[in-house]
Amino acid sequence: MNDPRQQAKVTYSLFDVIFLTLCSVITGAEGWEDIEDFGNLHLNWLQSKKLLPDGIPAHDTIARIIARLEPEEFNQCFINWMLDISHAFNSEIIAIDGKTLRSSYNRNDRKSCVHMVTAFATKNSLVLGQIKTNEKSNEITAIPKLLQQLDIKGCLITIDAMGCQKEIATNIVDNGGDYLLAVKRNQRKLHDAVKEQLSDVVLNTSSPMTVEEQHGRLDVREYYVLDAEKLSKQFPEWAGLKTVGVAIGFQSRGIDTTSLEFRYYISSASLTSEKFAQAVRNHWMIENQLHWVLDVTMNEDKCQIYKDNSAENLGVLRHAALNMLRSEKSENKSIRRKQRRAYADTAYLDKILGTQNEVAKS
């Protein structure tokens with residue numbers, strides 16, 4: 001990282017401030033004052049690592065330093081770190097989806113919330129990288145930039161209908177990966193053709209049914225796939241198209257509240273119905289295991305930090321912290337319990353900080 005400060009006026013090392021901020025986020029800090037408080041309470045531990053010899057900077061100083069970091073450079077450092085330890089998770093399912101940081105808008109312009117597009121390795125529940133867009137609609141241009149920064153060889157990339165674009169499909173195939181894209185009315189001709197191709201399969205064949213009942217809700221799902229050789233000739237612009245599929249979901253919350261949904265997909269991978277079902281279900285892990293945790297456990301949507309680059313850079317640090325917390329598997333505890341223990345027990349915090357070495361070895 002390049003230090004944006006005037007070197008003659010630097011009191012606190014950039015590494016020390018970033019390390020302090022990361023450790024604070026790991027232990028549950030949600031704002032600049034929380035970071036300062038963590039540092040003051042754990043100053044002896046930090047200085048035992050030969051960090052922050054001049055004490056803890058004021059929270060305003062921490063805020064200014066983090067806000068001035070170049071976000072693209074900071075994000076690329078995170079991606080490079082994850083590539084070093086992940087080895088791309090060959091044959092991994094990587095889900096890509098966007099999330100808006102709802103309280104990150106500039107107070108003079110309520111439309112300027114930060115929107116992040118994230119790549120999430122579902123097998124290990126790790127964030128591989130993220131990129132900022134100005135609006136949700138800009139995911140179309142942001143996804144190829146994110147893919148270029150990752151090593152996706154041998155991986156299956158799953159994206160919702162927003163990312164169902166010919167250029168994105170070609171980008172994935174050209175970089176050695178496969179795609180599984182949800183198809184909706186934004187690709188009307190393709191959607192109607194896929195629906196027509198699968199209608200006979202759905203009507204005339206049977207597929208294993210999964211049934212889940214919890215919290216008063218009944219979910220029934222079926223998955224069908226079909227070779228896309230005929231469709232690939234009709235739509236040659238979709239690179240490497242090999243499989244089309246449909247996920248049928250029936251949900252009931254009582255006699256009067258039921259729904260039936262058909263979700264259609266295209267893929268460049270040769271998928272069986274079992275592999276297709278796994279990929280479709282795994283895609284939603286980015287919502288359940290990443291976005292939900294960031295909002296409910298780390299209160300990301302409620303975070304009022306917004307000035308300069310602070311919201312985006314703090315988002316990167318949350319992802320790094322969550323990766324470390326997830327990788328610490330010696331005890332089966334929730335993320336929140338791990339955070340609380342790490343705040344109270346610096347030996348446990350040291351253990352969390354070392355988890356990525358263990359991931360790299362495995």
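Side-chain atoms are counted along with the backbone in the values below, which use heavy atoms only and exclude waters and symmetry mates.
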Kindly write out the residues that satisfy side-chain contact (heavy atoms from CB on, under 4.5 Å) with Ser259, not counting sequence neighbours, or none if the list is empty. Gln251

If you define the side chain from C-beta out and look only at heavy atoms, does anything of [X] sit under 4.5 Å from [Y]?
| X | Y | value |
| --- | --- | --- |
| Ile96 | Leu147 | yes |
| Lys338 | Tyr348 | yes |
| Leu52 | Pro57 | yes |
| Phe38 | Ile26 | no |
| Gln187 | Trp238 | yes |
| Asp60 | Trp32 | no |
| Lys275 | Leu156 | no |
| Glu92 | Leu128 | no |

Backbone of [Y] reached by a side-chain donor or acceptor of [X] within 3.5 Å:
| X | Y | value |
| --- | --- | --- |
| Asn204 | Asp200 | yes |
| Asn313 | Leu69 | yes |
| Gln197 | Ala228 | no |
| Gln289 | Glu287 | no |
| Glu328 | Ser330 | yes |
| Thr243 | Ala269 | yes |
| Thr297 | Leu294 | no |
| Arg336 | Val296 | yes |
| Asp16 | Tyr12 | no |

[X] and [Y]: which non-hydrogen atoms are nearest, and at how many Å?
| X | Y | value |
| --- | --- | --- |
| Ile56 | Glu36 | CG2-O, 4.0 Å |
| Val244 | Ile266 | CG1-CG2, 4.1 Å |
| Ala119 | Leu146 | N-CD2, 3.9 Å |
| Thr118 | Leu290 | CG2-CD2, 3.7 Å |
| Val202 | Val246 | CG2-CG1, 3.8 Å |
| Thr100 | Asp301 | O-OD1, 3.2 Å |

Distance in Å, [X] [atom1] paired with [Y] [atom2], rounded so as to fall on 0.5 Å steps:
| X | Y | atom1 | atom2 | answer |
| --- | --- | --- | --- | --- |
| Lys123 | Gln278 | NZ | CD | 10.0 Å |
| Ile93 | Ile286 | CD1 | CD1 | 13.0 Å |
| Ile35 | Ile62 | CD1 | CD1 | 5.5 Å |
| Ile159 | Ile143 | CD1 | CD1 | 4.5 Å |
| Arg221 | Glu261 | CZ | CD | 10.5 Å |
| Leu150 | Met82 | CG | CE | 10.5 Å |

N-O pairing of [X] and [Y] below 4.0 Å:
| X | Y | answer |
| --- | --- | --- |
| Lys189 | Glu237 | no |
| Lys351 | Asp345 | no |
| Asp308 | Arg64 | no |
| Lys242 | Asp178 | no |

Stepwise, does the salt bridge (Lys or Arg N to Asp or Glu O under 4.0 Å) test hold for Lys184 with Asp160? CA-CA 9 Å; Lys184 291 187 178 179; Asp160 62 17; over 6 Å; no

Please determine whether the number of non-hydrogen atoms from other residues, nucleotides or ligands lying under 6.0 Å from atom [atom1] of [X] exceeds 12.
| X | atom1 | result |
| --- | --- | --- |
| Arg5 | CZ | yes |
| Glu73 | CD | yes |
| Lys49 | NZ | yes |
| Arg340 | CZ | no |

Listing request: all ring-ring contact (aromatic ring centres under 6.0 Å, His included) pairs with a residue in residues 160-198, at least two apart in sequence or in separate chains. His191-Tyr264

Is the ring pair Trp81/Phe78 parallel, tilted or perpendicular, if the boundaries are 30 and 60 degrees? perpendicular

Show the numbers, then the answer: is there a side-chain contact (heavy atoms from CB on, under 4.5 Å) between Cys23 and His42? CA-CA 10 Å; Cys23 290; His42 298 88; over 6 Å; no

Are [Y] and [X] connected in a single hydrophobic cluster, I mean Ile/Leu/Val/Met/Phe/Trp/Tyr linked by side-chain heavy atoms less than 4.5 Å apart?
| X | Y | result |
| --- | --- | --- |
| Met209 | Leu260 | yes |
| Leu203 | Tyr223 | no |
| Val10 | Ile66 | no |

Does any donor atom in the side chain of Asn309 or Glu70 lie under 3.5 Å from an acceptor atom in the other side chain? no

Criterion side-chain contact (heavy atoms from CB on, under 4.5 Å) on Leu180 and Phe276, from CA distance to verdict: CA-CA 9 Å; Leu180 177 67; Phe276 170 67; 4.0 Å; yes

Test side-chain contact (heavy atoms from CB on, under 4.5 Å) on Thr133 and Thr141; report intermediate values, then the result. CA-CA 9 Å; Thr133 72; Thr141 56; 5.8 Å; no

Under the side-chain contact (heavy atoms from CB on, under 4.5 Å) criterion, do Thr210 and Glu212 qualify, and how do the steps go? CA-CA 7 Å; Thr210 63; Glu212 295 180 4; 5.6 Å; no

Donor-acceptor pairs are to be reported for all side-chain atoms of residues 161-172 against protein atoms at under 3.5 Å, with residues two or more places apart or in another chain.
{"unit_1": "Thr170", "atom_1": "OG1", "unit_2": "Lys166", "atom_2": "O", "d": "3.0"}
{"unit_1": "Asn171", "atom_1": "OD1", "unit_2": "Asn175", "atom_2": "ND2", "d": "3.1"}

